[in-house]
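So the structure is just underneath, and the comments pick up after that.
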Amino acid sequence: MKALRKSTALMLLVVMRTTLLAGCQTNQNNSQAAASTATSTSPTPGNSAGNSSGFEVIKEGIIQKDGNVVLKELAFVYNDHTVAISDIVDDEKLKSMLGNAVEKKSHTYSKYDDLNMDRLLGSTEKRYKFSGLEIKTIDATEGKKFFIFHIKMTDSKYSTVRNIKVGDSVKKLREAYPEGHLFGNGTPGEEAVFQYETANYAEVMTFYIKDAKVENILMYSLLN
C-alpha cells in the first residue's frame, strides 16, 4: 500500500505539472519562432558543459524523415521504421511497419457515451495493440485523417530517437535527455517518473522508472 500511495503521488505531481505547462502554451506562441532560430545556432548539446556524455544529442527538427519531413522527438524506431506522434496513418500503413496488431478497437465519441469528451464529439479513436506496444489514433482534424496521439512502449525492441529503451538505466536516460525532469529519486527499490516536453508543451514523453530502470515509455499529444 505504501508503494501504491507513493506511485500515485508521483503521477499526480506529473499530471499537475503537465496541466500547468499546457496552460502556458498560448503565452509561448509568440516566442516559438525566436526559440527555433536560437536552437539552430546554439552549440551542440552533446558538446556543452551541461552534458559530458560525449555524443551528439538529437534535437527536434534536424533529422530528415521520408526525404522531406523532419523527424520529431516524440517517436520510436523499430526495424528501420520511425513512427511519431502526429503521423498520419491507417491500418495498412501500421501493418507494413509493425506487423499485424494483436488487438484493434474503435470508438466514436458522442454526447451519450458518458465520457465527457465534448471537444471530440463526432471524432473516432482507434486503438492498436502490438506485442509490447500500444498506439492510439484519432480523426480530430478537418480532413478527418487519422493521426497518432498516444504511444506506449513496454518492450525493449522499440527505442526512442535518442536510443532509450525499456530496461535502460536512469543514468543513461538522464544523459540522453538532459532537458528532462526527474520526479522521485530513481534509485533501486524506488519508483519515479522522468518527463520530457517539447518546446510548445503540447507533446509529452514520460518514462516510468522502477528499481533505477525504465519500466515503460509513454508519448502523447494534448488534444485541443
Side-chain angles (χ1 to χ4, degrees), residues 10-11 13-40 42 45 57-66 69-78 81-89 93-94 97-98 117 119-120 123 125-128 133-143 145-154 158-166 173-174 176-183 193-209 214 216-224:
L10 282 169
M11 285 303 305
L13 178 61
V14 172
V15 170
M16 290 175 62
R17 184 175 186 275
T18 301
T19 303
L20 289 172
L21 290 175
C24 296
Q25 181 179 354
T26 301
N27 296 330
Q28 292 289 332
N29 288 339
N30 293 332
S31 63
Q32 285 179 7
S36 177
T37 301
T39 300
S40 66
S42 61
V57 173
I58 298 173
K59 297 298 291 182
E60 186 173 8
I62 67 170
I63 295 180
Q64 292 299 312
K65 177 187 175 188
D66 297 335
V69 181
V70 292
L71 181 68
K72 298 178 181 179
E73 276 286 3
L74 270 68
F76 71 89
V77 180
Y78 174 70
H81 294 294
T82 302
V83 183
I85 291 293
S86 297
D87 274 358
I88 303 296
V89 296
K93 185 172 183 178
L94 287 177
M97 295 186 292
L98 303 170
M117 300 291 281
R119 68 187 185 282
L120 297 177
S123 294
E125 176 186 309
K126 292 184 178 181
R127 301 186 183 189
Y128 303 83
L133 174 70
E134 180 183 71
I135 292 177
K136 297 181 184 179
T137 69
I138 196 165
D139 63 342
T141 61
E142 287 187 12
K145 293 182 178 180
F146 285 86
F147 67 91
I148 297 173
F149 74 95
H150 171 109
I151 297 170
K152 184 177 181 180
M153 299 179 287
T154 57
Y158 311 101
S159 69
T160 72
V161 294
R162 298 195 194 181
N163 198 31
I164 294 298
K165 305 178 292 296
V166 168
L173 173 61
R174 299 186 76 168
Y177 293 91
E179 317 95 318
H181 304 277
L182 179 65
F183 299 90
V193 173
F194 186 88
Q195 188 163 291
Y196 166 89
E197 303 96 6
T198 54
N200 62 3
Y201 305 115
E203 297 177 338
V204 181
M205 181 158 49
T206 301
F207 301 83
Y208 294 90
I209 312 297
V214 177
N216 63 70
I217 304 170
L218 176 64
M219 307 177 185
Y220 63 92
S221 175
L222 301 177
L223 298 175
N224 294 327

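These numbers come from a predicted model, not from an experiment. Numbering starts at 1 and runs along the sequence shown.
Enclosure of atom NZ in K165 by more than 12 non-hydrogen atoms of other residues, nucleotides or ligands within 6.0 angstrom is indicated.
A heavy-atom distance below 4.5 Å is not found between the side chains of F194 and V214. The side-chain heavy atoms of Y128 and L98, taken from C-beta on, include no pair separated by under 4.5 Å. Considering only heavy atoms from C-beta on, K152 stays 4.5 Å or farther from K136 through its side chain.
Summarising the geometry of N216 relative to T154, their closest heavy-atom pair is CB-CG2, 3.8 Å, with the distance given to 0.1 Å. Across all their heavy atoms, L133 and F76 have their closest contact at CD2-CZ, 3.7 Å. The two residues M153 and T160 make their nearest non-hydrogen contact at CE-CG2, 4.3 Å. Pairing each heavy atom of E203 with each of S86, the nearest pair is OE2-OG, 3.5 Å. Nearest heavy atom pair, residue A84 against residue I151, reads C-CD1, 4.2 Å. In terms of heavy atoms, E73 sits closest to Y177 at OE1-CE2, 4.2 Å.
Using the six-membered ring where Trp is involved, H181 and F183 have ring planes that are tilted, between 30° and 60° apart. Aromatic ring pairs are classed by plane angle as parallel below 30°, tilted from 30° to 60° and perpendicular above 60°; the pair Y158 and Y78 is tilted.
Annotation: the span from L218 atom CG to E134 atom CD amounts to 9.0 Å, rounded to 0.5 Å. One distance of note links CE of M205 with OH of Y220; it measures 11.5 Å at 0.5 Å rounding. Here the straight-line distance linking atom NE2 of H150 with atom CD1 of I135 works out to 9.5 Å at 0.5 Å rounding. We find the NZ-CG distance between K93 and D87 to be 5.5 Å, quoted to the nearest 0.5 Å. Once rounded to the nearest 0.5 Å, the distance linking CG of L173 with CD1 of I164 reads 5.5 Å. Note that CE of M219 and OG1 of T206 are 10.0 Å apart. Values are rounded to the nearest 0.5 Å.
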| Would V193 and Y208 count as a side chain to side chain contact (heavy atoms under 4.5 Å, CB included) if you check the C-alpha gap in whole Å, the side-chain angles of each, and the deciding distance to 0.1 Å? | CA-CA 5 Å; V193 173; Y208 294 90; 4.0 Å; yes
